[in-house]
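Notes to accompany the following structure.
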Protein chains: 2
Amino acid sequence: MPAAIEEATRVLKSNNFKITKQRTAMLEFLVNTATKRFVEVTSIDNFMRQTFPKMSHNTIYRNISEFANLGIVERQVQGDRASVKFQCDFQHEHHHHFICSNCGKVIELKDCPLSEEITSQLDGCKVTGHLFQIYGLCPQCASLTNN
Amino acid sequence: MPAAIEEATRVLKSNNFKITKQRTAMLEFLVNTATKRFVEVTSIDNFMRQTFPKMSHNTIYRNISEFANLGIVERQVQGDRASVKFQCDFQHEHHHHFICSNCGKVIELKDCPLSEEITSQLDGCKVTGHLFQIYGLCPQCASLTNN
DNA sequence: ATTTATAGAGTAATCATTACTATTAGAGTT
DNA sequence: AACTCTAATAGTAATGATTACTCTATAAAT
């Protein structure tokens, strides 16, 4: 079993979630397709239900949501669809992403642009979060488009 | 007629869009409720159809979409709903926003955090856009929550 | 092996958004 | 002011992602 799945399994267990066939199958799919890459939840739904025709939407969406709460996957909204990517390194430090708008591939950025200079413009506000993302084409997709 | 609506009307006309009662009514609603503030498209839909019971979803969503293409409104996804705000100053320079997650109020930020230091990490990528937003509570909503 | 609560299956509902078609009405022209 | 032509709208229904609900199955603790 890949280390990433073992680690996710540990997280589930230590939070009193049961290790079911369905959850393991979803983790396997996520490790294979959504590592360093955002994948639409609908395509997870489609794949899982093709592979396991008895699986219900409910199970898939609920598990994705639980995985997200536990930090096993990271969620985002791409266009008007929800996407997730597998969070390989749990508890890694705060960072932001370049996201390929063609294939969903993610590149981690080193710096967080939130500065004192910026927050000082928000007197009286209670800042709770921020979002910084760069969009474009990854090297592979960029070279495909050039031809 | 407020100047903002006159300006939006000019933009529509110069792009060969017709000035209809429905569009004018929508612009009025947007100026009143969505100036410096993001408002959910569903609430625009609800309001317009209450005020003008013969208006169809189609008309509302299509016009919102056209307004967005013309730069009359700015779109964003808040949670899983689409929101828009009226773009008071057309063709104003590139900037980012603080957005109140309670009331949708917007505060414009002075600086764009996209730096050479950051883009140099994306060798081979074709950067097409970026998103930077700060979330939190505006002064009014923050003081309400404190009590 | 027994027990108990969580997870899943199956089915249907919900809700935002879009499609389609016949009709209406801007706005330019005579 | 009437005429024309095309874009815009109304009305209706479809679509598609997500969620709700109830009954059953199963993980895992004892």
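In what follows, chains carry the letters A, B, and so on, assigned in the order in which the sequence lines appear, proteins first and then strands, with residues in each chain numbered from 1. None of the values given here were measured: they were computed from a predicted structure.
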Legend entry - Shortest side-chain distance from A:Asn58, nucleotide among C:dG26, C:dG10, D:dG11: C:dG10
Legend entry - Interatomic distance, B:Lys21 NZ vs C:dA25 P [rounded to whole Å]: 6 Å
Inset, instruction - To the nearest Å, give me how far apart CE (A:Met55) and P (C:dG10) are. - result: 12 Å
Inset, instruction - Treating Ile, Leu, Val, Met, Phe, Trp and Tyr as nodes and any side-chain heavy-atom pair under 4.5 angstrom as an edge, say whether B:Phe132 and A:Ile99 lie in one connected cluster. - result: no
Inset, instruction - Verify the contact: side-chain N or O of A:Tyr61 to OP1 or OP2 of D:dT18, cut-off strictly under 4.0 Å; return yes or no. - result: yes
Legend entry - Single-linkage hydrophobic cluster A:Ile134~B:Leu109, side-chain heavy atoms < 4.5 angstrom: yes
Inset, instruction - Would you indicate whether the side-chain heavy atoms of A:Phe98 and B:Thr119 approach each other to under 4.5 Å? - result: no
Legend entry - Of residues 39-48 of chain A, the positions that come close to DNA chain D - non-hydrogen atoms, cut-off under 4.0 Å: A:Thr42
Legend entry - Polar side chain donor-acceptor pair, B:Gln140 to B:Asn102, under 3.5 angstrom: no
Inset, instruction - For D:dG11, take OP1 and OP2 only and decide whether either is under 4.0 Å from a side-chain N or O of B:Lys54. - result: yes
Legend entry - Residues from residues 13-20 of chain B lying under 4.0 Å of DNA chain C - heavy atoms: B:Lys18, B:Ile19
Legend entry - Rounded distance in Å - CE (A:Met26) to P (C:dA7): 13 Å
Legend entry - d(CZ, A:Arg49; C1', C:dT11) in whole Å: 11 Å
Legend entry - Any donor-acceptor N/O pair, A:Asp45 side chain to A:Val41 backbone, under 3.5 Å: no
Inset, instruction - Check the side chains of A:His96 and A:His130 for a donor-acceptor pair under 3.5 angstrom, ignoring hydrogens and angles. - result: yes
Inset, instruction - Take atom CG of B:Asn63 and atom P of C:dG26, then tell me their distance rounded to the nearest Å. - result: 13 Å
Inset, instruction - Using only side-chain N and O atoms of B:Gln22, determine if any of them is under 4.0 Å from OP1 or OP2 of C:dG26. - result: no
Inset, instruction - Using atom CG of B:Asn69 as one end and atom P of D:dA8 as the other, report the distance to the nearest whole Å. - result: 13 Å
Inset, instruction - Decide yes or no for B:Leu30 and B:Phe67: does some side-chain heavy atom of the first lie under 4.5 Å from some side-chain heavy atom of the second? - result: yes
Inset, instruction - Please determine, for the side chain of B:Arg62, which listed nucleotide (D:dG11, D:dT9, C:dT18) has the closest atom? - result: D:dT9
Inset, instruction - Give the nucleotide from the list C:dG8, D:dA10, D:dT18 with an atom nearest to the side chain of B:Thr59. - result: D:dA10
Inset, instruction - Find the distance B:Arg81:CZ to C:dC15:P and express it as a whole number of Å. - result: 9 Å
Inset, instruction - State whether B:Lys36 and B:Glu108 are salt-bridged, where the test is any N-O pair (Lys NZ or Arg NE/NH1/NH2 against Asp/Glu carboxylate O) under 4.0 Å. - result: yes
Inset, instruction - Taking the side chain as every heavy atom from C-beta outward, state whether B:Phe86 and B:Val84 have any atom pair closer than 4.5 Å. - result: no
Legend entry - Bending between helix ends of the helix from C:dA1-D:dT30 to C:dT30-D:dA1 [5 pairs per end, 10° resolution]: 30°
Legend entry - Close side-chain approach of A:Arg10 to A:Lys13, heavy-atom, < 4.5 Å: no
Inset, instruction - Check the hydrophobic clustering (I, L, V, M, F, W, Y; side-chain heavy atoms under 4.5 Å; chains of links allowed) and say if B:Tyr135 and B:Val77 are grouped together. - result: no
Inset, instruction - Would you mind reading off the distance between B:Ile60 atom CD1 and C:dA19 atom C1', rounded to a whole angstrom? - result: 16 Å
Inset, instruction - Look at the aromatic rings of A:Phe38 and A:His97 and report parallel, tilted or perpendicular, splitting at 30° and 60°. - result: perpendicular
